[in-house]
Amino acid sequence: MHKTTLSHIGRLQATYVVVTGVFVLFFVGLIKLQIFEHSELATLAENNRIRVVPIEPRRGVVFDRQGRVIVGDRPSYTVSVVPAEERKGLTIPHLAPILDLDTTQIRRRVKRNAASPYQPAPIRRDVPFDAIAVLEEQNSEFPGVNYQLDRVREYSVDLRAEAFTGHVGEVSEQEMERNPQADYRLGSTIGKKGVEKQYDDLLRGVEGTAFIEVTALGEVLGEYKGKERVPPVPGCDLTLSIDNDVQLAAIQALDTQDQKFSNMKLQSDSAPIIHRAGAIVAIDPRTGEILAMTSAPGFDPNTFSGMITDSMWQAISTDPAHPLLNRPLAGLYPPGSTFKLLTLGAGLESGVIDENTTFRPCLGGYQFGNRFFKCWEKRGHGVQNSIHAVEMSCDAYFYQLGLKVGVDQMYRYAMLCGFGKKTGVDLPSELSGLMPSVQYYDKRYGKNGWTKALVLNTAIGQGEVLTTPLQLAQFYCGIANWGTVYKPHLVTKVTHPNGRVDQIEPQVSFQLPFSRSTLAIMREGLRLVVEGGSGTARRLRNNLYSVCGKTGTAQNPHGEDHSWFVGFAPIENPEIVVCALVENAGHGSEVAAPVAKKVIEVYMKKKLGLLEPQQQPEPMAQVGAKELRP
Ligand SMILES: [Zn+2]
């Protein structure tokens, strides 16, 4: 019995041990299940042989209205370093000259871009193939170095479309913090400006994952068979309202060979092409569709597609010509005489004048109190009615009209015409401009610190009023479209990867506060600017189509006058509004009007089937779904 008891105890003990053992095993298994197997990183930490490699999705392609590629992708190599496999004192010093970076830059990128010590941290995108060939041939010299076939954003250089395409770049730490819900990963490419930023969610697609087996020494064996790769989901393609032909005309129109715009002394007979600073916006007033948009000088957005170096960034961001300033929607300029149409509309609509109202004669200006406000025409314009005042752009007439309308009404009408606020274009970083109100003047000069004299300047688009070229284009779209203003926009169609197509319908933004008869008088003034005997834009006259518009010469405190022209064609049924601004170029009639003419001409000739086949930019190769090569 004793023996039995002993054996019983022994059995009990044995049971206890077994139970404990099972429990311990179970417990360990649980930990393993929860901590190790559920975390891919920890599995890597355990055996260090499977690399989780993100597969970048194909970013959506951006097309013009005729399906021509504006922005696409091209294949390129990205070089990464796996921190845990890097050999100190060997890998990075060897890699630096090949990537054209110094060792500190590489270390900084490894630190910044490494999600874990076992995952490749991207160091440089768009690495030339000969550099990759060196890495391939001398594999043993570069432990921990990884390269993969990727794609990089490619922008048409000829179209100089960065004002609306914007560019992509590597996500910054601040952007990751600001958008915690976005699936950003260090090293991810995201839209930084323009359409790329505005529509990043649609263009970007969803990242996939591949599992790559490597030896303990970091040698790649191939794709890991035990785990299926997660394929990426490509981004949506976007169709823009841009017409590549009109866009090309716009950028070429700003170029000149006129030495007036150059500091360079002519060395040879052939004058070099000079890129003038300025902006052009072309819009279809019937829909608000933007046909062309350019900002000069610009920058090559391809620069940002790879990983931009500090010195490259320094050079672009501190350039005194401000290539990063997006002039069409963030450039603020006094509108000059192009603003006289607003003053005219306000005068007619509020009833302070009619079409035939005349004022005191222009004697080269207008005497207000003890100050003589000059007209641009020193010899004077004499007496004329409102329509001829527009034709000749007589400042003296508009000084007197401005006084009649008053600060309050000028402000009210300007705001109703879209000045002093954003147009709501589908692009980021638009500015509101400035339309001074009584409150504004009171705040700025004190309640009794200003006089009505300020409205004289506002009436001719000088003084404190500031507009963007896009706002002016929008206002003239309203005049062209008999008062109905459509929201300026670029994207007309979104094509999803599954083939679904979303058409973006034009949206009415607001109505100009002018009756049809007021608009008819305004349009007659604009017609005479081109067709009248004293018009300031007579050089736009031609036998092919009718065109009208307004010139402007805007004084600015920072240098030579800015040159403006805003107009539309054909007059009877306008299809295109063009706003051209040339910085520091002098008279609108001499510079901006012929610039705008070139843009309108291409549009109209194309419509009439008279456009000679132009040298189109090289079609860009589109990259389909590329195989990932570790
Ligand atoms: Zn005058």
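Side-chain atoms are counted along with the backbone in the values below, which use heavy atoms only and exclude waters and symmetry mates. One-based numbering, in listed order, for ligands and for the atoms of each.
For H167 and F299, the gap between ring centers is short of 6.0 Å.
Residues meeting the side-chain hydrogen bond (donor to acceptor under 3.5 Å, both in side chains) test with D561, sequence neighbours left out: none.
Q511 CD: more than 12 foreign heavy atoms inside a 6.0 Å radius.
In this structure, a donor-acceptor pair under 3.5 Å is absent between the side chains of Q474 and T423.
Protein N, O or S atom count below 2.8 Å of the Zn ion (ligand 1): the structure gives 4.
The ring-ring contact (aromatic ring centres under 6.0 Å, His included) contacts involving residues 473-492 comprise F419-F475, where partners must be two or more places apart or lie in separate chains. Residue pairs satisfying the ring-ring contact (aromatic ring centres under 6.0 Å, His included) criterion with at least one member in residues 521-550, sequence neighbours excluded, are absent.
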